[in-house]
Q: 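Pasting in a structure now, in structure tokens, and then I'll have a few things to ask.
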Amino acid sequence: MDTKDISTLIFNRILEEKEALSMRYKNTVDGIGNFYIDEVLPEELALEISRVFPKKEDMNLKKSLREYKHVAAQMDQYNPLLEKVIYAFQDERIVQLIGEICGTDQLEPDENLYAGGLSLMAKDNFLNPHLDNSHDKDRNKWRVFNLLYYVTPNWPDDGGGHLEVWPNGLENDPVTIHSRFNRLAVMATHQKSWHSVSPVVINGERCCISNYYFAESPLRKEDRFHVTSFRARPGDTLKDTVLKLDASIRMGIRKVFKKGIKENPHVYKKGEKKE
Ligand SMILES: O=C(O)CCC(=O)C(=O)O
Ligand SMILES: [Fe+2]
């Protein structure tokens, strides 16, 4: 099965639910626009994806106060099915369809997998509340949607490791989108789209294939450039103070050096396979 075949399957499945997904997006757009869809790919194919997902030892560990997870973007190091699935979500028919559901017609996928790619979260891993970087790697385009496709079979609702969106700010309860097997979650990213992944509390591995869509203009007119900015989960004041300082220092650096002071290592350099 090639990338095109996989994208046809995804496209047809999203198309089947287009009305309901558009409704969900419309109902959430004033906070953090989102929708999710289950049984995205035929069960057997989704199971195959989970079987070939890399071990965490073969991925890059990200561990700090901000996050604790394993990621990979250099896709030619892994089973080729994974690269096909990632790029299937970049098929122009799907990009167009997501745009129709979300009422925007200028979406572009991210070939460099800037922050997209694979992620794996094991017991005690987490991703604190954050705003994604507002732009692409060259700071030309705005990041407008995240597409998160979850592939761990039987991931339980009480296992933690779920996507949380905070449409009413971190002072209020989040909306949880469970990271169930074979589910695609799509969420808008803008100046107020705080989101997180709750700590994993079981001995399992929550695997996700992610894509970002970009656009020439931001989703909201009040959007401004910002670096990825983390906060603590509510109640952890000390950590929150440190993370706020961390974001403002990195933002300060970006005001002087437009592209930052070091190249983001998390991009897919095609044809530059690491040994
Ligand atoms: O894994 C998820 O569900 C969310 C990931 C995310 O927000 C990110 O990588 O910025
Ligand atoms: Fe994010």
Side-chain angles (χ1 to χ4, degrees), residues 32-38 40 49-50 53-54 56 59-73 82 85-86 89 110 112-137 142-152 155 157 159-167 170 174-201 204-214 219 223 226-233 243 246-247 250 264-268:
I32 302 173
N34 71 80
F35 64 82
Y36 56 85
I37 173 168
D38 290 321
V40 171
I49 294 166
S50 79
F53 209 90
K56 57 179 182 299
M59 301 173 75
N60 303 317
L61 176 64
K62 288 186 119 184
K63 187 174 183 191
S64 68
L65 279 186
R66 306 171 196 150
E67 60 191 330
Y68 180 14
K69 63 177 191 173
H70 305 78
V71 298
L82 298 167
V85 174
I86 293 188
F89 283 102
D110 166 32
N112 298 305
L113 307 184
Y114 172 62
L118 308 179
S119 78
L120 181 154
M121 297 174 71
K123 182 143 193 285
D124 299 328
N125 289 185
F126 61 88
L127 181 59
N128 264 10
H130 65 284
L131 286 180
D132 292 321
N133 187 326
S134 57
H135 282 72
D136 66 348
K137 81 176 175 36
W142 293 83
R143 180 191 290 215
V144 287
F145 289 107
N146 290 353
L147 281 79
L148 303 153
Y149 175 50
Y150 304 114
V151 294
T152 305
W155 189 258
D157 286 358
H162 301 300
L163 177 66
E164 301 163 312
V165 294
W166 306 73
L170 300 179
V175 174
T176 298
I177 300 175
H178 293 103
S179 313
R180 289 189 193 150
F181 174 61
N182 208 5
R183 166 174 286 185
L184 171 70
V186 176
M187 58 164 284
T189 67
H190 49 64
Q191 201 78 7
K192 297 228 162 108
S193 58
W194 289 96
H195 58 288
S196 51
V197 179
S198 55
V200 173
V201 296
E205 294 179 335
R206 178 253 201 203
C207 300
C208 175
I209 298 182
S210 54
N211 264 283
Y212 296 105
Y213 286 175
F214 291 89
L219 279 184
D223 285 345
H226 57 83
V227 294
T228 312
S229 313
F230 283 87
R231 297 279 305 270
R233 296 182 76 80
L243 287 174
D246 165 67
R250 284 183 298 113
N264 183 341
H266 188 104
V267 287
Y268 181 16

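We count ligands from 1, going down the list as the structure has it; atoms in each ligand are counted the same way. Hydrogens, waters and symmetry mates are skipped; everything else that's a heavy atom, side chains included, is used. This structure is a prediction, so every number in the text was calculated from the model and none was measured.
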Q: For ligand 1, which part of E67 has a heavy atom less than 4.0 Å away: the side chain, the backbone, both, or neither?
A: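 Neither; nothing of E67 gets under 4.0 Å from ligand 1.
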Q: Should you measure from each heavy atom of Y150, which atoms of ligand 1 turn up under 4.0 Å away?
A: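 Per the distance check, 2 (C), 3 (O).
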Q: Hey, which of V151, L113, L82 is the one that makes side chain to side chain contact (heavy atoms under 4.5 Å, CB included) with L118?
A: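 Of the listed options, the one satisfying the test is L82.
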Q: On a heavy-atom basis, which atom in V186 and which in F145 lie closest, and how many Å separate them?
A: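 The answer is CG1-CD2, 4.2 Å.
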Q: Counting only heavy atoms closer than 4.0 Å, does ligand 1 sit against the backbone of M121, its side chain, both, or neither?
A: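 No part of M121 comes within reach of ligand 1.
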Q: Decide whether H130 and N128 meet the rule of one side-chain donor and one side-chain acceptor closer than 3.5 Å.
A: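 The answer is no; no qualifying pair exists.
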Q: Heavy atoms only, cut-off 4.0 Å: how does Y212 contact ligand 1, side chain, backbone, both, or neither?
A: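 Side chain only.
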Q: To check your reading of the site, what angle at the Fe ion (ligand 2) do NE2 of H130 and NE2 of H195 form, to 10°?
A: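 The NE2/NE2 angle about the Fe ion (ligand 2) sits at 90°.
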Q: For the pair R66 (side chain) and F230 (backbone), establish whether a donor and an acceptor sit closer than 3.5 Å, ignoring hydrogens and angles.
A: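 The answer is no, because no donor-acceptor pair under 3.5 Å joins these two groups.
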Q: Does either side chain, that of N182 or that of Y149, offer a donor lying less than 3.5 Å from an acceptor on the other one?
A: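 Side chains of N182 and Y149: pair found under 3.5 Å.
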Q: Under a 3.5 Å threshold, yes or no: a donor from one side chain and an acceptor from the other, between Y212 and D132?
A: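 No - no donor-acceptor pair under 3.5 Å links their side chains.
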Q: Output the list of atoms in ligand 1 that are nearer than 4.0 Å to some heavy atom of V197, sorted by atom number.
A: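 In order of number, 1 (O), 2 (C), 3 (O), 4 (C).
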Q: Atom 9 (O) of ligand 1: which protein heavy atom is closest, and how many Å away?
A: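 Result: K69 NZ, 3.1 Å.
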Q: Can you tell me the N, O or S atom of D132 that's nearest the Fe ion (ligand 2)?
A: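 Minimum-distance N/O/S atom of D132 relative to the Fe ion (ligand 2) is OD1.
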Q: Pairs of nitrogen or oxygen atoms closer than 3.5 Å, one from D132 and one from ligand 1: do any exist?
A: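 By distance alone, the answer is yes.
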Q: I'd like to check D223 versus Q191 (side-chain heavy atoms, cut-off strictly below 4.5 Å). Are they in contact?
A: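 Result yes, sub-4.5 Å side-chain heavy-atom pair found.
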Q: What atoms in ligand 1 come closer than 4.0 Å to a heavy atom of H195?
A: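 Near H195, meaning under 4.0 Å from one of its heavy atoms, ligand 1 has 7 (O).
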Q: Determine whether a donor-acceptor pair (N or O, by modelled atom type, separation under 3.5 Å) exists between the side chain of S134 and the backbone of H226.
A: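 Yes: the side chain of S134 pairs with the backbone of H226.
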Q: Could you identify the single nearest non-hydrogen protein atom to atom 6 (C) of ligand 1 and state the distance to 0.1 Å?
A: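 Looking at atom 6 (C) of ligand 1, the protein heavy atom closest to it is L127 CD2, 3.4 Å.
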Q: Return yes when atom NZ of K123 has more than 12 non-hydrogen atoms of other residues, nucleotides or ligands closer than 6.0 Å, and no otherwise.
A: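 Above 12, so yes.
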Q: With a 4.0 Å cut-off on heavy atoms, is H162 in contact with ligand 1?
A: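 Not so, H162 does not reach ligand 1.
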Q: How far is atom 1 (O) of ligand 1 from its nearest protein heavy atom, and which residue and atom is that?
A: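 In this structure, atom 1 (O) of ligand 1 has R206 NH1, 2.8 Å as its nearest protein heavy atom.
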